[in-house]
Undergrad: 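Sharing a structure, written as structure tokens. Questions coming.
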Amino acid sequence: MTTEPTSTSRRIRLRDVAKVVGFALLVALVIRLFLFEPVNIPTSSMERNVRAGDFLIVSKLHYGPRLPMTFRLPFTSGPVLGQGGGLPYTRLPGLTQIKRGDPVLFNLPIEDGPIDRRTPYVKRVIGLAGDTLEIREKTPLVNGTPQPLGPEMLQEWWVYLADKSVVLPAEALNQLGIERIVSTRNPRRLVLNGATREQAAGVGAFPGVLRVEPVTIPEGQPERGVSAYPRGSSFNRDYFGPVVVPARGLTVRLTNENYAVYRPVIIQHEGRSIRRVGPAQFQLDGLPADTYTFEQDYLFVMGDNRDDSRDSREWGFVPMSHVIGRPILIYFSVNPDDGSIRWDRVMQYIERR
């Protein structure tokens, strides 16, 4: 004999289901806010270490979880609470400090709106807070020490041919993993786009190739279509600085030379007012000042695809308040060209350089 469930028993069952679902949603929310967050990479600026179409797991435990500055009902596209200003920046203790060579996920500093609602970017840390950073002939120098191109990092190369009739063997290029070589107005010079040092050396060994050299923008010459940081400076992507990366508690003497470098930081990220009122004369919040003490740490970041990356060379320093976490794992990867799954990249650990 069977009996129909009463309305009371149905309510109890629905309540139990709601508790289970609610608890699962709460756990998922806590994991996303304080432990790990999945992120999709849409651009190629970190090729070949992180590729467009990679899906990453980002650890918020490494550098400490950043508490939310704005709120939205979980798993909805409803209105953002606190969008007008949001809560102040607060970070819980982490497992480790940021190190040079770490890949980091952060909110893009040059966008408007609440910090935690800005576009997430992934770049590699080149300069830490307090470092003196300079780029000479494409090579970053940190506190005077060169940071050479890593084995999986890319840049552009000139390929000089012995004669305009020389044809590079397509099969050998494919074996090197080179997808594109561009001709120029000079028939004896080609451009090798997005290649590693090993690939460039392989092309340099081909018959009829005289030499392979990095494509370098001359010092003091602006890059076409790109404004280097700070605006109006003589810096470009291959010759930059020297500059001191701002650090919490670091006091700098304001000069005509560094005013353009630090003015955007002071105004946009530290919320202060500063202006130049005369030669080597400045006002901070309306009062005369000849020094400034920074209130938080900053980073200088660059993409692994050095000549195809929007990074600190274009828009300046990344405040610690914008750092989300460290990418640690590629859990899935899809080729954006044809939609195929790149199984060789699935569950691949992302190493620091």
Side-chain angles (χ1 to χ4, degrees), residues 63-71 80-92 94 97-98 104-121 123 125-134 227-235 240-301 310-324:
Y63 311 137
R66 183 185 65 183
L67 297 185
M69 301 175 184
T70 57
F71 293 91
V80 175
L81 304 178
Q83 194 161 4
L87 298 175
Y89 161 63
T90 305
R91 186 178 298 275
L92 300 179
Q97 300 293 319
I98 297 178
V104 294
L105 179 75
F106 57 91
N107 298 106
L108 186 60
I110 57 173
E111 288 187 344
D112 296 325
I115 292 173
D116 60 350
R117 298 292 166 177
R118 298 176 187 177
T119 304
Y121 263 47
K123 303 291 178 184
V125 176
I126 304 298
L128 296 171
D131 284 343
T132 297
L133 183 133
E134 184 176 11
S227 296
Y229 181 88
R231 301 278 177 156
S233 73
S234 61
F235 299 162
F240 190 98
V243 296
V244 177
V245 182
R248 182 180 181 182
L250 174 68
T251 299
V252 295
R253 181 164 295 279
L254 298 172
T255 66
N256 292 328
E257 291 73 28
N258 66 21
Y259 174 71
V261 174
Y262 296 130
R263 179 180 179 273
V265 174
I266 295 170
I267 294 176
Q268 297 172 12
H269 305 312
E270 309 241 324
R272 308 290 293 277
S273 169
I274 189 171
R275 66 190 186 103
R276 181 162 44 194
V277 294
Q281 294 181 323
F282 308 92
Q283 283 187 352
L284 180 65
D285 296 334
L287 299 175
D290 56 8
T291 63
Y292 183 78
T293 302
F294 294 100
E295 298 176 3
Q296 64 173 314
D297 288 335
Y298 293 79
L299 305 171
F300 190 97
V301 299
R310 296 187 63 199
D311 51 40
S312 289
R313 295 170 293 178
E314 180 180 342
W315 36 252
F317 309 107
V318 176
M320 193 62 193
S321 61
H322 289 54
V323 172
I324 302 171

Undergrad: For residues Arg272 and Tyr292, report the shortest heavy-atom separation together with the two atoms involved.
TA: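 So the minimum-distance heavy-atom pair works out to CG-OH, 3.6 Å.
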Undergrad: List the steps, then state whether side-chain contact (heavy atoms from CB on, under 4.5 Å) holds for Phe317 with Phe294.
TA: CA-CA 13 Å; Phe317 309 107; Phe294 294 100; over 6 Å; no
Undergrad: Report the C-alpha distance between Arg91 and Val323 in whole Å, list the side-chain angles of each, state the deciding distance to 0.1 Å, and finish with yes or no for side-chain contact (heavy atoms from CB on, under 4.5 Å).
TA: CA-CA 10 Å; Arg91 186 178 298 275; Val323 172; 3.8 Å; yes
Undergrad: With a 4.5 Å limit on heavy-atom distance, are the side chains of Leu254 and Leu284 in contact?
TA: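 Answer no - side chains too far apart.
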Undergrad: Looking at Asp116, Thr90, Asn107, which hits side-chain hydrogen bond (donor to acceptor under 3.5 Å, both in side chains) with Arg66?
TA: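 Exactly one candidate clears the test, Asn107.
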Undergrad: Please table the atom pairs, donor to acceptor, closer than 3.5 Å between any side-chain atom in residues 125-132 and protein atoms at least two apart or in another chain.
TA:
{"from": "Asp131", "atom 1": "OD1", "to": "Arg100", "atom 2": "NH2", "distance (Å)": "2.9"}
{"from": "Asp131", "atom 1": "OD1", "to": "Asn143", "atom 2": "ND2", "distance (Å)": "3.1"}
{"from": "Asp131", "atom 1": "OD2", "to": "Arg100", "atom 2": "NE", "distance (Å)": "2.9"}
{"from": "Asp131", "atom 1": "OD2", "to": "Arg100", "atom 2": "NH2", "distance (Å)": "3.2"}
{"from": "Asp131", "atom 1": "OD2", "to": "Leu128", "atom 2": "N", "distance (Å)": "2.7"}

Undergrad: Search all heavy atoms of Ile115 against all heavy atoms of Ser321 and return the closest pair with its distance.
TA: CG2-O, 3.7 Å
Undergrad: Heavy atoms only: give me the nearest Asp290-Arg253 pair and the separation to one decimal.
TA: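 Reported closest heavy-atom pair: OD2-NH1, 3.3 Å.
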Undergrad: In Å and rounded to the nearest 0.5 Å, what is the CG to CG distance from Asp311 to Leu108?
TA: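 If I round to the nearest 0.5 Å, the distance is 11.0 Å.
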Undergrad: Do Val301 and Tyr121 make a side-chain contact, defined as non-hydrogen atoms from C-beta onward lying under 4.5 Å apart?
TA: no
Undergrad: Look up atom CD in Glu270 and atom CD in Glu295, then write down how far apart they are to the nearest 0.5 Å.
TA: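 It is 4.5 Å, given to the nearest 0.5 Å.
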Undergrad: Can you establish whether the number of heavy atoms outside Arg263 located under 6.0 Å from its atom CZ is more than 12?
TA: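 Check fails, neighbour count at 12 or below.
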Undergrad: Can you find a pair of side-chain heavy atoms, one from Pro114 and one from Met69, that are under 4.5 Å apart?
TA: no
Undergrad: Check this for me: Gln97, atom CD, are more than 12 non-hydrogen atoms of other residues, nucleotides or ligands nearer than 6.0 Å?
TA: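 Check fails, neighbour count at 12 or below.
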Undergrad: Where is the tightest heavy-atom contact between His322 and Arg118, given as atom of each residue plus distance?
TA: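 Result for this residue pair: NE2-NH1, 3.0 Å.
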Undergrad: With sequence neighbours excluded, what pairs up with Asp297 under the salt bridge (Lys or Arg N to Asp or Glu O under 4.0 Å) test?
TA: none
Undergrad: Using ring pair (Phe, Tyr, Trp, His ring centres under 6.0 Å), reason through Phe282 and Tyr262 one step at a time and then give a plain yes or no.
TA: CA-CA 12 Å; Phe282 308 92; Tyr262 296 130; over 10 Å; no
Undergrad: Test side-chain contact (heavy atoms from CB on, under 4.5 Å) on Lys123 and Leu299; report intermediate values, then the result.
TA: CA-CA 11 Å; Lys123 303 291 178 184; Leu299 305 171; over 6 Å; no
Undergrad: Can you tell me how far CG of Leu67 sits from CG of Leu92, rounded to the nearest 0.5 angstrom?
TA: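 If we round to the nearest 0.5 Å, Leu92:CG and Leu67:CG are 4.5 Å apart.
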Undergrad: If you count the non-hydrogen atoms of other residues, nucleotides and ligands that lie under 6.0 Å from CZ in Arg276, is the total more than 12?
TA: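 Buried by this count: over 12 neighbours within 6.0 Å.
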Undergrad: Are any of the side-chain heavy atoms of Tyr259 and Arg275 separated by less than 4.5 Å?
TA: yes
Undergrad: Looking only at non-hydrogen atoms, find the nearest pair between Phe235 and Tyr229 and report the distance.
TA: CD1-O, 3.3 Å
Undergrad: Side chains of Val104 and Tyr63: does their closest heavy-atom pair fall under 4.5 Å?
TA: yes
Undergrad: Indicate the atoms forming the closest heavy-atom contact of Pro120 with Leu105, along with that distance.
TA: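 For Pro120 and Leu105, the tightest heavy-atom pair comes out as CB-CD1, 3.8 Å.
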